Colleague: 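One structure is given below, represented as structure tokens, and several questions about it will come after.
Source: prediction; values computed, not measured.
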Amino acid sequence: MLRCRAGHVVEKVKKLKPWQGHIHVRECFYCHNTIDRHELHYSCPEKCRFDVCQYCYKSQIGKLKVRSRSPGSARSGSTFPVPGDSGAASSRSGFSAAKDFTGAGKLLTPPGVSNDATSSPMREFRGQSTGSGGSGKTAQIHQRFRSVSTQFLESSWQRSTEVVFWTLMVFAGDYIGAVYIQRLTTTEDLEFPFPFLTALVSNLVAGLLVILFLFTLDRFQARASLGELALVSEVDLKMQIILGILVTCEIGAAVKVLSNEHHTMASWFYMLTPVATILVASSSFFRMEVLQKELLTAAGVASFGGILAVKGPLPSLEGLRALQWAMIAVVITVARCLLTQRVMAPADGTRPGALHVAKAVLLAGSTVGAELSIVDEWTGFWSLPWLLNKGGVCHMLFIIGLCDAMSVIGHTRLIQITSATFGALLVPFHTVTVLPIEAQSLGAPITAINWLGLVLCATSAVMYFKARKIGGETAEGYSLIQC
């Protein structure tokens with residue numbers, strides 16, 4: 001009999017349930033070929049994300065029978081070889097990445113067979129000791145948290161749950177951040193029209209908050225419970241600086257656009273970001289995406305829905321200044337999404353944790369923001385001591401920094417587990433999140449056209465995952481991204 005990585009006996013699955021197999025893809029553990037949801041295969045009943053196609057199952061059973069007949073071999077089904085994970089295999093889930101990080105290609109044994117604690121990736125991932133969290137109730141809570149976390153990381157619905165969670169996190173960060181940016185730039189007793197200085201402070205606050213969160217994880221020895229999200233991996237300093245520049249300029253461009261009352265035309269242009277991203281990613285230069293008509297259609301529907309959801313005054317010549325900043329924002333957002341995919345889903349090596357990358361990017365962004373604000377907004381530094389409402393400005397900047405951390409971490413993780421195209425697909429959703437703000441500032445109700453834009457944005461997300469399911473020829477370096 002064939003066993004999974006944890007020693008559970010795999011069972012035959014003739015057909016998936018009606019609600020399974022529509023978002024994430026099941027792949028054979030041995031040949032890494034996609035298993036169709038209607039195809040007969042074998043899977044671990046304990047939800048260990050261990051799936052084997054029918055051909056590889058018969059092949060492995062044959063190998064086990066040959067080994068069982070050889071002199072001095074272990075009894076049949078006691079152990080099975082685990083092939084070494086490639087970069088593509090290690091990106092399947094947080095647990096898979098942790099397994100690759102702690103050592104792949106070793107022999108695992110089922111329960112009841114003695115084995116050294118350091119040779120098992122499962123033991124390494126769960127921690128060296130279950131009692132390291134202390135004694136009494138604290139140790140029980142700590143152990144229970146690790147157990148629940150491990151079950152989630154090994155579950156078949158981990159990827160889908162993460163996509164929903166981080167999408168909501170990005171929406172919350174974008175919405176609250178947009179509210180406070182608008183208040184900071186338009187309220188009379190606050191007026192703080194310094195986009196790069198705002199980016200400097202918000203990135204610095206966000207970076208410090210991520211450092212505090214990582215310190216708390218280390219303090220309570222809970223880093224391993226987050227799996228791939230908190231993995232420590234070095235990121236090229238050049239990449240950190242470039243991403244920091246892009247994040248800083250993106251915030252600055254957003255402040256410039258939102259501070260202009262006639263930004264309707266600029267918002268329409270910014271909604272073209274998903275289409276621009278997939279066209280650039282599928283170009284012969286980047287080769288990070290395959291130009292499927294289904295994906296391009298999903299991006300077009302998202303862009304059109306975002307345009308319909310924009311609420312503001314009719315376009316006028318006063319909005320040309322904001323349109324220039326919107327053009328810059330499109331270029332910055334496309335570059336950030338593509339570069340984030342390069343960093344978070346490398347063709348070789350271990351994928352870095354989103355928390356560590358976000359921390360490095362935010363701190364680098366605060367440094368770049370300081371340089372840009374000194375050059376372009378020197379008067380902003382001099383005006384800080386004479387602000388009319390210092391406490392209100394500091395409070396606003398802190399909230400914007402918190403939202404910045406939520407948005408950057410969410411975008412980074414989403415692009416890692418989906419693609420740069422999906423990260424750009426969230427741009428039109430940003431218009432939907434700020435729709436109540438626009439309606440309140442203009443004193444006008446949300447119209448049926450705006451609601452239609454919301455429906456189209458939601459439809460584009462469904463079309464995106466359907467397009468990923470259809471698949472097609474995969475470009476070099478893009479095989480790591482599976483949805």
Colleague: Taking C-beta and beyond as the side chain, do V170 and M406 meet within less than 4.5 Å on heavy atoms?
Modeller: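 Side-chain contact under 4.5 Å: no.
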Colleague: Please give me the minimum heavy-atom distance between P352 and M344, naming the atom from each residue.
Modeller: O-CE, 3.4 Å
Colleague: Give a yes or no answer on whether the side chain of E27 reaches the backbone of N33 with a donor-acceptor pair at less than 3.5 Å.
Modeller: no
Colleague: To the nearest 0.5 Å, what is the distance between CG (L397) and CG (L204)?
Modeller: 11.0 Å
Colleague: Evaluate side-chain contact (heavy atoms from CB on, under 4.5 Å) for L200 paired with E371, printing each intermediate quantity in order.
Modeller: CA-CA 9 Å; L200 158 64; E371 297 172 355; over 6 Å; no
Colleague: Mind checking whether L338 and F286 have side chains closer than 4.5 Å, heavy atoms only?
Modeller: yes
Colleague: Stepwise, does the side-chain contact (heavy atoms from CB on, under 4.5 Å) test hold for V205 with D404?
Modeller: CA-CA 9 Å; V205 170; D404 189 18; over 6 Å; no
Colleague: For A302 versus L425, what's the shortest heavy-atom pair and its separation?
Modeller: CB-CD1, 3.7 Å
Colleague: First locate atom OG1 of T340, then atom CG of L414, and finally report the distance between them rounded to the nearest 0.5 Å.
Modeller: 11.0 Å
Colleague: Please report the C-alpha distance between Q60 and V52 in whole Å, then the side-chain angles of each, then the deciding distance to 0.1 Å, and finally whether the side-chain contact (heavy atoms from CB on, under 4.5 Å) criterion is met.
Modeller: CA-CA 10 Å; Q60 294 298 321; V52 183; 5.5 Å; no
Colleague: Test your reading of the model: is there a side-chain donor-acceptor pair from R223 to the backbone of L231, 3.5 Å cut-off?
Modeller: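 Here the side-chain-to-backbone pair does not exist.
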Colleague: List the atom of A335, the atom of L246, and the distance in Å for their closest heavy-atom pair.
Modeller: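 Minimum heavy-atom separation between A335 and L246: C-CD1, 3.9 Å.
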Colleague: When rounded to the nearest 0.5 angstrom, what distance separates OH in Y270 from OG in S303?
Modeller: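 Y270 atom OH to S303 atom OG measures 11.5 Å (nearest 0.5 Å).
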Colleague: Nearest 0.5 Å, what's the CG-CG distance between L355 and L229?
Modeller: 4.0 Å
Colleague: Any donor-acceptor pair under 3.5 Å linking the side chain of E11 with the backbone of P45?
Modeller: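 No; zero donor-acceptor contacts below 3.5 Å.
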Colleague: Does R3 reach the side chain of V10, with side-chain heavy atoms less than 4.5 Å apart?
Modeller: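 Sidechains of V10 and R3: no contact.
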Colleague: Is it true that, when you exclude M239 itself, more than 12 heavy atoms of the residues, nucleotides or ligands shown sit nearer than 6.0 Å to its CE?
Modeller: no
Colleague: Ignoring hydrogens, what is the shortest heavy-atom contact between I400 and G177? Give both atom names and the distance.
Modeller: CG1-O, 4.5 Å
Colleague: At what distance, to the nearest 0.5 angstrom, does CD of Q341 lie from CG of L339?
Modeller: 10.5 Å
Colleague: Of all the heavy-atom pairs spanning M396 and R183, show the shortest one and how long it is.
Modeller: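 Taking every non-hydrogen atom into account, CE-CB, 3.8 Å.
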Colleague: When rounded to the nearest 0.5 angstrom, what is the spacing between CG in L208 and NZ in K359?
Modeller: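 So the gap between those two atoms works out to 11.5 Å.
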Colleague: Using the side-chain contact (heavy atoms from CB on, under 4.5 Å) rule, take M169 and I409 through it: C-alpha gap first, then chi angles, then the decisive distance, then the call.
Modeller: CA-CA 9 Å; M169 183 73 73; I409 295 173; over 6 Å; no
Colleague: Answer yes or no: is there a side-chain heavy-atom contact under 4.5 Å between F465 and F422?
Modeller: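 F465 vs F422: side chains touch.
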Colleague: Test of understanding: with ring pair (Phe, Tyr, Trp, His ring centres under 6.0 Å), list the residues that count as partners of Y180, not counting sequence neighbours.
Modeller: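 Counting only residues at least two positions away or on another chain, Y180 forms no ring pair (Phe, Tyr, Trp, His ring centres under 6.0 Å).
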Colleague: State, yes or no, whether a side-chain contact exists between I35 and H41 at a heavy-atom distance under 4.5 Å.
Modeller: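 They are in contact (side-chain heavy atoms under 4.5 Å apart), so the answer is yes.
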Colleague: Any non-hydrogen side-chain atom of S419 less than 4.5 Å from a side-chain atom of Y464?
Modeller: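 Yes, at least one pair of side-chain atoms sits under 4.5 Å.
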Colleague: Using side-chain heavy atoms (C-beta onward) and a distance below 4.5 Å, is R342 in contact with M288?
Modeller: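 Yes, close enough: below the 4.5 Å cut-off.
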Colleague: Please answer whether the main-chain N or O of V330 pairs with a side-chain N or O of T333 as donor and acceptor at a distance below 3.5 Å.
Modeller: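 Such a contact is absent between T333 side chain and V330 backbone.
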Colleague: Below 4.5 Å, heavy atoms only, C-beta onward: do H395 and K390 meet side chain to side chain?
Modeller: no
Colleague: Say whether, by atom type as modelled, one donor and one acceptor occur between the side chain of S366 and the main chain of L363 under 3.5 angstrom.
Modeller: yes
Colleague: Looking at every non-hydrogen atom in both residues, tell me the closest pair between P428 and G306 and how far apart they are.
Modeller: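 Looking at all heavy atoms of both residues, the shortest contact is CB-CA, 3.9 Å.
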